[in-house]
Number of protein chains: 2
Amino acid sequence: MDTDERIALAMAELLRKQGYAATGINQLARAAGAPTGSLYHHFKGGKREIAAAALRQTGAAYIQLLPLLLDAHDDLAAGIEALFAQAAEDMRDTGWANMCPVGTVTAETADTEPELREVAAEVMGTWVETGSRYFTTRGLAETDSRTVVFAVLSALEGAFVLARGLRSAEPFHAAGRTIKTYVASLCTEQPKTPTRARAQSGKRTGT
Amino acid sequence: MDTDERIALAMAELLRKQGYAATGINQLARAAGAPTGSLYHHFKGGKREIAAAALRQTGAAYIQLLPLLLDAHDDLAAGIEALFAQAAEDMRDTGWANMCPVGTVTAETADTEPELREVAAEVMGTWVETGSRYFTTRGLAETDSRTVVFAVLSALEGAFVLARGLRSAEPFHAAGRTIKTYVASLCTEQPKTPTRARAQSGKRTGT
DNA sequence: GTCTATAAAGGGATAGAC
DNA sequence: GTCTATCCCTTTATAGAC
């Protein structure tokens, strides 16, 4: 691993534990095993550019996990539930550290660091596109794929935060169960005509 | 509104836009219309104590919204969807500011500020308990109520972050739709319990 | 209680030797 | 490319006048 990657990796590690503002250059230099001058040699943009690289790096790594975890399950709905269970396990094993620096940094800096927000949007956009394409290959309609991706990502990011605060895996299990149910309902309702007329209210969810 | 509340409110406003570490005492003093010395007079614990007060304040305010928004819908599932639509609208109207400082601060400081993590856990715990009780009054079984609360909170917190980064309401609509489907499946799959008691005259909006 | 001035410490970034 | 020393600025917190 070259120096650039090592620095970005150390930054990612700090970002998900402390966020962007609380992470200092000196602390990063210690964590990366490089003096401050070296940091600015590799990243002329300083702290901000290192954080951007860290977000892109972890973003690319995370999206690979989706097919990796879901391909193991023939039943897509069951796979979703397993994915959340896996995330819960990882959280607990790492002492309830936030698994996703992208979420933390976005929440923190979207209004104050436009450059970082754009990087976060770019990463999240990749997640949505890649994930959407994957779910389509698993048999979901395109609009359903997009809905599922957004639901999974939202639930994951939120569960990270709740689990981190409460030190409990319950958010993951609850989120996993609800989305599993939704995906299962899509698979059984293959016929185009919406037969889901059980609930009485109109389903105009347009826009 | 007395000075304590005004300071805590200004802090909450800054927390959800910038998070904890990036918010300075001087900036807070300007926002609250009080000099720094006054801040330390009202909150001897300084920045940390003000943040704690801000989290408790917004936590208490937010949980009141749950019955307020859901009581308007006889169909609980439809109410859930409307709740997410409302959150999406608020986000857009506020220029995609993060709606929940509790989530931001938790993600940021859970490992570095034990006091704030405990306050966040206390607030989230109140959300879960209060919300769970509410869903029970709407006819859900106790275990289902707990699942729904965790799912709603996770999806909301995550959608806040994704929407903030992408500047899009899509995460809310997707999350709302999935949980709506889950709640609807609970209501129709309840043969043993006598038909779900819709919100009859008595609006149990208890403490 | 309100406000000003300042202390003590740490931040990001840079220059320049090696 | 690596590392050290330093500049300048901001931070939190406090002391003490009003």
Side-chain angles (χ1 to χ4, degrees), chain A residues 1-55 57 101 104-105 108-119, chain B residues 1-55 101 104-105 108-117 119:
Chain A
M1 178 166 48
D2 65 347
T3 312
D4 289 43
E5 282 182 52
R6 207 178 65 242
I7 295 171
L9 190 65
M11 176 58 111
E13 211 63 27
L14 290 172
L15 286 181
R16 68 167 150 196
K17 283 180 194 155
Q18 316 177 340
Y20 180 75
T23 297
I25 283 288
N26 290 321
Q27 184 184 20
L28 173 63
R30 279 195 306 273
T36 68
S38 198
L39 266 50
Y40 284 91
H41 173 78
H42 291 275
F43 296 91
K44 289 152 199 184
K47 179 179 174 179
R48 197 170 6 233
E49 190 183 325
I50 301 176
L55 294 188
Q57 195 181 50
T104 307
V105 173
E108 235 191 325
T109 67
D111 282 335
T112 53
E113 299 278 355
E115 207 174 304
L116 288 181
R117 190 204 66 83
E118 282 187 25
V119 172
Chain B
M1 178 166 49
D2 64 349
T3 312
D4 290 42
E5 282 181 52
R6 206 177 67 242
I7 294 172
L9 191 64
M11 176 58 110
E13 211 62 28
L14 291 172
L15 286 181
R16 68 168 153 194
K17 283 180 194 154
Q18 315 178 344
Y20 180 75
T23 297
I25 284 287
N26 289 321
Q27 185 185 19
L28 172 63
R30 279 195 306 272
T36 68
S38 199
L39 267 48
Y40 285 91
H41 173 78
H42 290 276
F43 297 90
K44 291 152 200 183
K47 180 180 174 179
R48 199 171 4 235
E49 190 182 327
I50 301 175
L55 293 189
T104 307
V105 174
E108 236 190 325
T109 67
D111 282 334
T112 52
E113 299 277 356
E115 207 174 306
L116 288 181
R117 190 203 66 84
V119 172

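Residue numbers start from 1 in every chain, and the chains themselves are labelled A, B, ... in the order their sequence lines are given, proteins ahead of strands.
Contact record, A:Ala54 with A:Ala8: CB-O, 3.4 Å, taken as the closest heavy-atom pair. When every heavy atom of A:Leu28 is checked against every heavy atom of A:Leu39, the shortest pair comes out as CD2-CD2, 3.8 Å. Contact record, A:Ala52 with A:Leu116: N-CD2, 3.8 Å, taken as the closest heavy-atom pair. Shortest non-hydrogen contact noted between B:Ala12 and B:Pro101 is O-CB, 4.1 Å.
Side chain of A:Glu108 to main chain of B:Gln18: no donor-acceptor pair is present (N/O by atom type, distance under 3.5 Å, no hydrogens or angles). B:Ser38 places no side-chain N or O within 3.5 Å of a backbone atom of B:Ala34 that could act as its donor or acceptor partner.
A cation-pi arrangement is not found for B:Lys47 relative to B:Tyr40, the charged atom failing to lie both closer than 6.0 Å to the ring centre and inside a 45° cone about the ring normal.
With respect to A:Arg6, the side-chain contact (heavy atoms from CB on, under 4.5 Å) criterion is satisfied by exactly one of A:Asp4, A:Thr3, A:Leu9, A:Asp2: A:Thr3.
Salt-bridge formation is detected for the pair A:Glu113/A:Arg48: a Lys NZ or Arg NE/NH1/NH2 atom is positioned less than 4.0 Å from an Asp or Glu carboxylate oxygen.
Separating the CG atom in A:Leu14 from the CD atom in A:Gln27 is a distance of 5.0 Å, to the nearest 0.5 Å.
Within residues 14-33 of chain B, no residue approaches DNA chain C, by heavy-atom distance under 4.0 Å. Across residues 35-45 of chain A, A:Thr36, A:Tyr40 each have a non-hydrogen atom less than 4.0 Å from an atom of DNA chain C (numbered order).
Taking every nucleotide of DNA chain C with any atom under 4.0 Å from a non-hydrogen atom of chain B, the first and last of them, 5' to 3', are C:dG1 to C:dA5.
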